[in-house]
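Not measured: the values here are computed from a predicted model. FYI, the numbering just counts along the sequence from 1. Computation of the quantities below employed the complete heavy-atom set of this structure, encompassing side-chain atoms and omitting hydrogens, waters and symmetry-equivalent molecules.
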Amino acid sequence: MGVNFTSASSPTMNGKMPHIQCTAEEIGEIVLLPGDPGRVAMFEDLLEDYKIVSNYREYVVGTGYYNGIKVTVCSTGIGGPSTEIAVLQLIALGAKALIRIGGTGVLKEDVPCGAMVLNTGAVRKGGASCFYAPSEYPALASFEVLDCLKRACEERKNEYSMGICMSVGSFYHGQGRQMPFETGYDENAVLEQYEKWNILNMEMEAETIFTLALLNNVLSGSICAVHCNRITDQWLVDFEPAQKEMCRTALAAGEKLYKEYLHRK
């Protein structure tokens, strides 16, 4: 029985990327990036001719059409390392704009759960991007994407805030949470430091997306629905309505981005 090999430094599997398991023909220029693989299914009634083109490890990929525009949705898993893999393989396949969609926790008392957050930039604490650029290199969202996301929020009457996120490769201590079995941990010490830096919200993927996109001349941005408010200590249990509205808003922004920036006539 023969043994098959591919390149260890640049692997492909039957012409497909090794992790997201897709070809260039299966990917749109605009890609929405949820962390949760389960969120990819939320687009079944939002996109026409939508189909799941791959499902491998934490990467579920679906592609369909929004008002005639080909759009892909690809889950990244949680955190920088798995996001790095998805982003770079999508760029290799021809993605031109990457928009993170997900949940986030805010550090502003007046930002309610269910509202939208648009990040202008991110503090680079995710881990993976440090192998591509020094910490001084900024993780910034593209103006083009921010412009489209902002106008989509306004047209859809969504409450939104804009600012810098702490994009960190930790759910517990890195976001000021004690471990589930821990007592006596000073959560406020971490949160108060972030507040001094005027951090709007915390999440785990944006800086990896922003940094790698900037380095490779790809547009990027992020829209997140507020899942929790760490100042008021509220966690939204029924999160799906806010997530669905976030998805609709991202698609509306994607249409603007495609027509006004990627393919301006």
Side-chain angles (χ1 to χ4, degrees), residues 6-35 37 39-40 43 52-64 66 69-102 119 121-122 124 126-134 137-146 148-149 167 169 203-223 250-251 253-254 257-258 261-264:
T6 186
S7 168
S9 64
S10 184
T12 59
M13 307 290 186
N14 297 318
K16 298 182 178 183
M17 285 288 149
H19 296 88
I20 65 173
Q21 293 280 293
C22 295
T23 64
E25 292 73 24
E26 294 171 317
I27 299 298
E29 290 184 340
I30 295 175
V31 183
L32 307 184
L33 298 171
R39 203 168 290 142
V40 178
F43 288 84
I52 302 299
V53 297
S54 71
N55 187 337
Y56 183 69
R57 295 192 177 189
E58 59 264 69
Y59 306 108
V60 178
V61 184
T63 296
Y66 184 78
I69 298 168
K70 190 176 183 180
V71 176
T72 293
V73 185
C74 175
S75 59
T76 63
I78 296 176
S82 62
T83 299
E84 172 216 28
I85 291 171
V87 165
L88 294 179
Q89 292 185 10
L90 287 163
I91 292 173
L93 294 176
K96 302 300 182 187
L98 304 171
I99 303 176
R100 163 156 160 70
I101 56 173
N119 285 129
R124 291 180 53 205
S129 73
C130 68
F131 294 97
Y132 298 89
Y137 188 89
L140 301 175
S142 304
F143 165 81
E144 298 90 336
V145 180
L146 273 172
C148 294
L149 287 169
S167 196
E203 56 79 71
M204 301 179 71
E205 293 82 33
E207 71 97 345
T208 305
I209 297 167
F210 293 172
T211 303
L212 295 178
L214 282 167
L215 290 169
N216 290 284
N217 294 312
V218 170
L219 300 179
S220 71
S222 172
I223 178 170
L251 288 172
L257 185 66
Y258 185 92
Y261 290 105
L262 294 178
H263 294 276
R264 181 186 299 174

Just how far is it from atom [atom1] of [X] to atom [atom2] of [Y], taken to the nearest 0.5 Å?
X    : Y    : atom1 : atom2 : value
L214 : Y132 : CG    : OH    : 15.0 Å
N55  : R57  : CG    : CZ    : 13.0 Å
I27  : S54  : CD1   : OG    : 7.0 Å

Exercise. For residues 90-101, which residue pairs qualify under salt bridge (charged side-chain N to carboxylate O under 4.0 Å, His left out), counting only residues two or more places apart or in two chains?
Worked result: R100-E203, R100-E205
Taking all non-hydrogen atoms of both residues into account, name the closest pair between [X] and [Y] and its distance.
X    : Y    : value
V31  : C74  : CG1-CB, 4.2 Å
A86  : S75  : CB-O, 4.5 Å
P37  : E58  : CG-O, 3.3 Å
T208 : G80  : OG1-CA, 3.5 Å
F43  : R39  : CD1-O, 3.8 Å
E207 : A122 : CB-CB, 3.7 Å

Problem set entry | Test log, rule side chain to side chain contact (heavy atoms under 4.5 Å, CB included), inputs F210 and R124 | CA-CA 10 Å; F210 293 172; R124 291 180 53 205; over 6 Å; no
Problem set entry | Whether over 12 other heavy atoms sit under 6.0 Å from I78 CD1 | no
Would you say that [X] contacts [Y] through its side chain, given a criterion of any heavy-atom pair below 4.5 Å between the two side chains?
X    : Y   : value
V40  : P34 : yes
S82  : Y59 : yes
L212 : L98 : no
Y258 : V71 : no
V61  : L90 : no

Problem set entry | Check: A206 main-chain N/O paired with S167 side-chain donor or acceptor under 3.5 Å | yes
Problem set entry | Heavy-atom donor-acceptor pair, T6 side chain to P11 backbone, under 3.5 Å | no
Problem set entry | Option among Q21, H19, E84 that satisfies the side-chain hydrogen bond (donor to acceptor under 3.5 Å, both in side chains) test with Q89 | H19
For this session: In sequence, state the C-alpha distance, the side-chain angles, and the governing distance for Y261 and C148, and then conclude on side chain to side chain contact (heavy atoms under 4.5 Å, CB included).
Result: CA-CA 10 Å; Y261 290 105; C148 294; 3.7 Å; yes
Exercise. Between T72 and T63, is any side-chain donor less than 3.5 angstrom from a side-chain acceptor?
Worked result: yes
Problem set entry | Test applied, side chain to side chain contact (heavy atoms under 4.5 Å, CB included); reference residue, S129; option that passes from I209, L215, V87, T211 | T211
Problem set entry | Results of side-chain hydrogen bond (donor to acceptor under 3.5 Å, both in side chains) for T23 - residues two or more places apart only | E25, E26
